[in-house]
Every structure is written in structure tokens, then in C-alpha cells.
Protein chains: 4
Amino acid sequence: MARGPQLALCSPIDGGPASPARREKREAILEAAIEVFARCGYHRARVSDIAREAGIAYGLVYHYFKNKEEILSTIFEERWSTFLEALEAVERRDVPAREKLVSVAALILNAYRLRPAWVKVLVLEIQRSSRFAEPGQLRAVGALFQGVARILRAGQQSGELRRDLDPDIACTVFLGGLELALTSLVLELARPDAAAGGADGYYLRVAHTVVDVFLNGLAAGDAS
Amino acid sequence: MARGPQLALCSPIDGGPASPARREKREAILEAAIEVFARCGYHRARVSDIAREAGIAYGLVYHYFKNKEEILSTIFEERWSTFLEALEAVERRDVPAREKLVSVAALILNAYRLRPAWVKVLVLEIQRSSRFAEPGQLRAVGALFQGVARILRAGQQSGELRRDLDPDIACTVFLGGLELALTSLVLELARPDAAAGGADGYYLRVAHTVVDVFLNGLAAGDAS
Amino acid sequence: MARGPQLALCSPIDGGPASPARREKREAILEAAIEVFARCGYHRARVSDIAREAGIAYGLVYHYFKNKEEILSTIFEERWSTFLEALEAVERRDVPAREKLVSVAALILNAYRLRPAWVKVLVLEIQRSSRFAEPGQLRAVGALFQGVARILRAGQQSGELRRDLDPDIACTVFLGGLELALTSLVLELARPDAAAGGADGYYLRVAHTVVDVFLNGLAAGDAS
Amino acid sequence: MARGPQLALCSPIDGGPASPARREKREAILEAAIEVFARCGYHRARVSDIAREAGIAYGLVYHYFKNKEEILSTIFEERWSTFLEALEAVERRDVPAREKLVSVAALILNAYRLRPAWVKVLVLEIQRSSRFAEPGQLRAVGALFQGVARILRAGQQSGELRRDLDPDIACTVFLGGLELALTSLVLELARPDAAAGGADGYYLRVAHTVVDVFLNGLAAGDAS
DNA sequence: CATGAATGAGAATTCATTCAT
DNA sequence: GATGAATGAATTCTCATTCAT
């Protein structure tokens, strides 16, 4: 399982051109917001909750962000771009499509394992945001789709993958399968702690199952 | 493709023990709420929007529902139970697992084709509701998972499906693939109207692609 | 203890010029309103509560009364005038002032014993009403004061009562003493059921104590 | 007439642990609420009225108090406890019961002379509050009763007061007499300004009349 | 008369955002 | 920068009153 790319997800990224102290506080607000959004949902989360979680006065939030909405879109943009970079790194690697897909699955599931609040917000909140429909974010989400679709197309051209399936639809099937596996973790529909091998093992199992189903199908060998 | 069960999705269900007129208006409010929730999202939707959409006075909504939250959970409960009944009908049919899965996919995608607002609300809103975590609704969502998982287990026992994959994880992969295909329709990431064969053809293609991927995998024949 | 006058308190009075059936229903609404006002207070009481208590449709209330306020003032006026008539009957009797005051106390306490809800509303609600300040009701309440004050003045002139005390102030002391004794019953600050002699005995004791204190004072014989 | 204790009634009490400015504003809101409640009654008073009276913005009220109800109960609790302290100070004094009762009457009437709105709210509003029935406030009101009853019992034991009357009932007679004298002032049934000696003289006369009636009775000397 | 569905003004409350210190 | 008091628009919910049947 790829260990490199997904780690990048966890490191704060940008912070702008200002002083280190400012950057730090800005980061603290974003982290706090991720926690609070994950816990209460964007709409229920109050700016004062975020400030309390960050340990600062709530008026200060408005020195760093224009408004609440901007916090959400900043979370999205900054974290997402990190994610896309990791995805592109996967894409560029010279390995079979199969392995790339395992890496993508690991990237996504690992992100959740390491930063569940972050993924919760991405999975559950940002798609609800009015700005999701905005060109910027739509393009951003689209980039994930297109990245995966490119991997699939490359696999089809190399003969590794079937050519009779629409790669755009197949891509949603793949990402969707991953997403719901995630969501069932997020919402604790499934209980990783109760599964054999502990949480880590569970995530691995999910990643492999998704890719296995996706590549080989569920039909018994003699039936395919 | 199954034609029977999914039609039930579109018929109002309960309405309580009151007069037909009362039932009708109650239904009108629910329909209006579905439209508005689908358009603006639950939190952005104002009760007054629902009332205007339903063509009734503001306060009348409160004659039929205790509060806004109850409207959402009513939508969920009444529509979802219809959906589960359709699912159970599929499950009981004496056909191969493969065909059952096609029916489930058709059920879900067809529901969206016929009542996109309804599915939007189910897919995008109800999981956001605070009540989603409540036993009742959690169980309700769980029932879909379990229904599909039962179909998978039956297929495994009959030898039609591989036995080396966890049916619970596989079930999330299947439903998740469907869901994201749906979401990409809902959010118009994909454009059915632009696809060859028109919208109907597109839905069919999605259903078949999902099931095909799910059963046979994406790997090229000689590579599996 | 006077048995005659206070009974009049319990009989419905007027009913207007209409049919007996109409009169009956009107009365039912008033009785229901008294119960509900006593239970919840005027402001918390909903017209629908009154209608439910009366066993009628709530729109019907508006066939009999212009609005909720009119119900309260009707209760006040009709019951109060009965009360005043009883008071005047006491006043006209050719007995010592002392006995008249016992009768007034008995009249008031007995009314509570027989119709606690009625007295609750009079004691606790009507003084809160905005209409209390209106000439009609102010005059009505004033009539009670003046009636008692007349009894006191007559006693002063006959030499039965001290002449050095302002009868208007003395009258508020007397009525106030009665009222708070009542209120402590209404609010169950005192518990008649726990007192020796049961509820009836308690009311009698209260009546006698009030009049005794009022006439003879609390000072020990050698101290007065 | 006692001059010390009742003054305490007028001083703000608590204010919580916050900054002086915050305490001041909190106090301003309470004072404004007392005025508005006294003027319109609790139910008719709008939070916006209170804010306007206090000269602050609407929403600021909610920075200081959870809701409207809490304003009322705060008024009650903070002011009432001051009142009880004054009562206890009277009780502890080493003077005859007669003098203590004069002090209690003066305490109550003086409070009204100095802060009529405060007493109006206590007399007319708080007993209507739903919270009046709550243990805390019931106990608080009970404390006044019990304080007076203790004074009476002490007087009975010292031989100063008659022992044949129930001190609990006598206590309601005393307090009730005072209360209605007050209420008739509050509601302007009596007009102090028109009375000989002006308002101050009137209050004194009321206090003395109440205590005189209460101790010596109204019966003429030869009739007792 | 009787019903109760329908109306909508009114009030409480929330909370994002601003601003004086 | 930092604070949190102050603001008030927005929204939910209530319920007295009206009105069509």
C-alpha cells in the first residue's frame, strides 16, 4: 500500500504571505472549524463554537476570514488541492492501473483513518455547500473524477482494463463505492473496532475489497 | 429491468386516519417540501418557502406538522418504507442474484428518473439530518444495507457469487457506486441529456454499468 | 355561618335573551373557560383548550363571544355581580357589624370551597387583565370595597367598631387578609387536607381567625 | 419606622462575576424589565420593549439572559433575597413583636413607596409565573410567610400575643392585609396624593392602621 | 348553528457580522 | 492584533380570529 502520497494530506499547507504567528492562528482556526463542522455540521456550527475550539476570541475569526462560508471553502480548497496533488502523483507513477487504483483507494481511506474530521467535512458538508456548485469547487471535485477517469482510460488503452465500459460511469462506481464505505465508517454503520485485525486492518480490508470488486467483480469465477 | 416495484415509490403512502381532503393537503405539503428541500437544501429552505410552493398559508403547515424537522423525517419515513417494500419484493423474487442486483439498481436509478427531487432529498439531505443518527432512521437506512447484503449472501451460498469477499463491505461498494452515479446526476456532473440515447438510455447504461462492474469487474478478461 | 347568599354564587346567572339551548352552551363555554383559566392562567390558555374542555368545536366559541378577552370579562361581570348581590344581601341584614363581617368572610371562603376554579380566576387572573383598569370592572371591584367599607362605617356609627381607624384602609386590611388566606389555599401554600377537622373545618377556622383577628386583634388581652 | 433594612431593597445585588460594565448593563436590563413588566405585565411585555427601555439593541438582552422567563425569575430571586435579608434583620432585633410587625409593614410599604414598579412586579407578576410553583420560588415566598409566622410565635411565647390563634393563618391575614393595601395603591384604587398629609403620610397611616387592626382589632374597646 | 381548516400578524430566539476599546 | 459587547436581520413557531362548508 502506498505510504507516501497520502501523508501530504495531513500537513497544513499554505497560510498566505503573513507572519508565522498569523499563519499558525489561521491554521488553528481551520483545524478547529474542521472539528466543529465534522461534529455539528456546517449549518449548526456557530462561529463562536469554532472560536472556542480554537481557543481564541470569536471576533478574531473575522480577522482571518471574511465570513463563515469562506472558512468552509478555504478548508475545501486548501485540503483538496493537497489531495489532488497526491492523486496526480499516483497517476504519474509508472505502474499498472490496478496498482494505481489501490493507491487511490488507500489515499482516500487512509486520509479518513488519519483525519476523520477532515474527510467527514469533505464527504458530508462540502457537497451541501452552495459553493459546491460554483465553478471553482465543481472543477475541483471534477478534477478527482477526471483524475480517476484518466487512470481508467490509460488502463483501457494499455489493455489492462475492459474497453466496453464507459470510464466516466465506471469512475463514479469506483469513487462511490469508496465513498459509501467511508460514509458507513463515518456514520459508524460499520464498526471497525469490532472487526478482526483492528481498525487498521479494517481499512486495508475495505481498500482491497473495493479494488478487488471493482477489478474482478463479484461473480464467481465460473460464472463470469 | 423491473417495472413493477419502483412505481410504488411515487405514490403517496399514508396520510393518517383523517379526511381525504386533509390527506391531500398533507401530501401537497410533503411534495412541496421535497421540491424546496431539493432546490435549496433543508437548512436554507424556509417554512414560508414550503407554504408558498404548496400554495397555502404559512401557519397551515403547522396544522399538519409539528415543525420543520418533522416534515423532513416524515418524508424520510413514508417514502423510505415504500422503497424498502419494493426492495423486499425484489429480494423475494426467485431469480439469480445478478438479476436481483440489476433490479435494485433499476429501482434506485428509476426512482431518480421519475422523482429526482425525492431522491435528492433522500441522498443529500436526510443523511445530514440530526435525526439520521436516531435509531429509527439509522435502522431504516440499515435495512437497505441489510437487504442488499442478504441478496449477496444468498448469491454466495448458491455459488453464484464469490465467497472470499465480505458481503457487508461489498454491499457498501455496490450501493456507493450507485449512489455516486446518482449524485453525479443530481449535481449534474454528468449530463444525461447530452449522452447518446437520451436520458432514459443514460439511466439504463448507468444501471448496467454499475452491475456489470460490480459483477464482472473492470479488469480485462485475460488480466483477471 | 350564613348559608343563603353564597349559594347564589354557584348558579349560572344570565345567559342573555336567546334559546335555552344557546344559553346552555354559552354557560358550558364559560364554565370550561373558568376551569382552563384556573389551570393554565388566562394568557397560557388557548381558545382551543377552552373548546376542548367544553366539548365543542373551537370555532363555535366565536359564535358566543367576540373574542377571548370577552370570555374573561363576561366571567368577571356575571359572576361578580352575583357576588355583589350576595354582599348586598348581607349588608341589608339587621345584625351587628361583627356578624356581617363573618358572613362576608364566609361568603368569600365558601365560594372558594365550592368553586375553587372560579375564585382562582377572580383572584389571580382578573386583576391581571388589562380591562381590570377599565371603568366597568374597576367599579365592580370597587363595589366590593365600598360594600365592606359601608359595613364598617355603619359599625363605627353604631359604636360597635372603633372610630379612630380609616374605614377604607381597614376594609383593605380585612379583604386582603381574606384574599391571602384564599391565595395560600389556591396555591396550596397551606394544606387544608392535612389540617385537623378536614377541609371544611379548615375553611371555617380561617373564616373565624380572619374575623377574630380583624375584630379583636392579636395582642394578648393585657397588652391591648 | 425602620429606616435601615428596606433601603437595601433598592440596591442592585449580584450581577455575577463579570466586569463592572457588564454588571451595569445587566442591571440596566433588569431595571428596564421591571419598569416594562410593571407597566404592561409580563406576558404583554415584549423583549423589544425591555431593550428599548434599557436603551440597548434587541439581541443584547440575550447576551445577558437566556430568555424572557429568566429575566423575570432573576428579578424575583435577586430582589427577593434582599427582601428576605431585611426581614431577617427585623426578626433578629430585640424588640417586642408589635414593633417587629410595624417594621415588617414599613419594610413592605416603604419598598413600594421607593420602588413601586419593583413591588408591582413582585405582587402582580411573579405569582403568575409558571416558576412560582417551582420549589425554589415557592420556598422563597414561603420564607416570607415563615419569617412572619416566627415573629408571631415568638410573640405568643413571650405572652405578648394571643395564643389561641393559629399563627400560620394569622400570618396570612397580616400579610394579606398589607398586600391588598398595597394593591389598592398599585392599582390606584386609593389615591395617596389626595389624602391628607401627602403620599408619605398616607403610607405611614396605612402601616399603622394595618398593624393597629392586626394587634388591637377593630372592635370598640367595650365590645372586645 | 356547528365545524375545523385556513390565515397571518406577532413574538421569541438565534447567530453571523460589526465595531469600539 | 485581540477581545467580546453590540447589533439586527432572519426565521421559527404560536395562536387568536376568520370563513367556507
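To find a chain, count down the sequence lines: A is the first, B the second, and so on, and within it residues start at 1.
Taking CD from A:Glu78 and OG from A:Ser73, the interatomic distance works out to 9.5 Å, rounded to the nearest 0.5 Å.
Residue B:Tyr64 is classed as a sugar-phosphate contact, given heavy-atom separations below 4.0 Å to backbone atoms only.
If you take CG of C:Asn67 and C1' of F:dC15, they are 13 Å apart, rounded to a whole angstrom. Spacing between atom NE2 of C:His43 and atom P of F:dT14 amounts to 18 Å, rounded to whole angstrom units. Between the P atom of E:dA12 and the CD atom of D:Glu69 lies a distance of 12 Å, rounded to the nearest Å. Atom CZ in D:Arg26 sits about 13 Å away from atom P in F:dA5, given to the nearest Å. Taking atom CD1 of A:Ile71 as the reference point, atom P of E:dC15 lies 15 Å away to the nearest angstrom. Atom pair B:Arg44:CZ and F:dA9:P shows a separation of 20 Å (rounding to whole Å applied). Atoms NZ (B:Lys66) and P (F:dC15) sit 14 Å apart, rounded to a whole Å. B:His63 has its NE2 atom 11 Å from the C1' atom of F:dT17, to the nearest Å.
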Next on the checklist: Does D:Tyr64 form a side-chain contact (heavy atoms from CB on, under 4.5 Å) with D:Leu30? I'd like the steps, not just the answer.
Outcome noted: CA-CA 10 Å; D:Tyr64 290 89; D:Leu30 288 177; over 6 Å; no

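Nearest to the side chain of A:Lys68, among E:dT17, F:dT3, F:dT17, sits E:dT17.
The separation of F:dT21 from E:dC1, taken at their P atoms, amounts to 22 Å, rounded to a whole angstrom.
Residues A:Arg79 and A:Glu31 are paired through a salt bridge, judged by an N-O separation under 4.0 Å between the basic side chain and the carboxylate.
Closest approach of A:Ala117 and A:Glu35 over heavy atoms only: CB-OE2, 3.5 Å.
Taking 4.5 Å as the limit, some side-chain heavy atom of A:Glu53 sits within range of a side-chain heavy atom of A:Arg39. Side-chain contact between C:Asn67 and C:Glu70 is present, with heavy atoms from C-beta onward closer than 4.5 Å.
The aromatic rings of B:Trp80 and B:Phe76 lie parallel to each other, with less than 30° between the two planes, well short of the 60° mark. Taking the six-membered ring where the residue is Trp, C:His43 and D:His43 present parallel rings, their angle staying beneath 30° rather than reaching 60°.
Between A:Arg46 and the phosphate of E:dT14, there is no side-chain N or O to OP1/OP2 separation shorter than 4.0 Å.
The side-chain contact (heavy atoms from CB on, under 4.5 Å) test with B:Ile71 is passed by exactly one of B:Ile50, B:Ile34, B:Val36: B:Ile50.
Taking every heavy atom of residues 48-62 of chain C and every atom of DNA chain E, pairs under 4.0 Å involve C:Ala57, C:Tyr58, C:Gly59, C:Leu60, by number.
An end-to-end axis angle of 10° holds for the helix from E:dA2-F:dT21 to E:dT21-F:dA2, taken from five base pairs per end and rounded to 10°.
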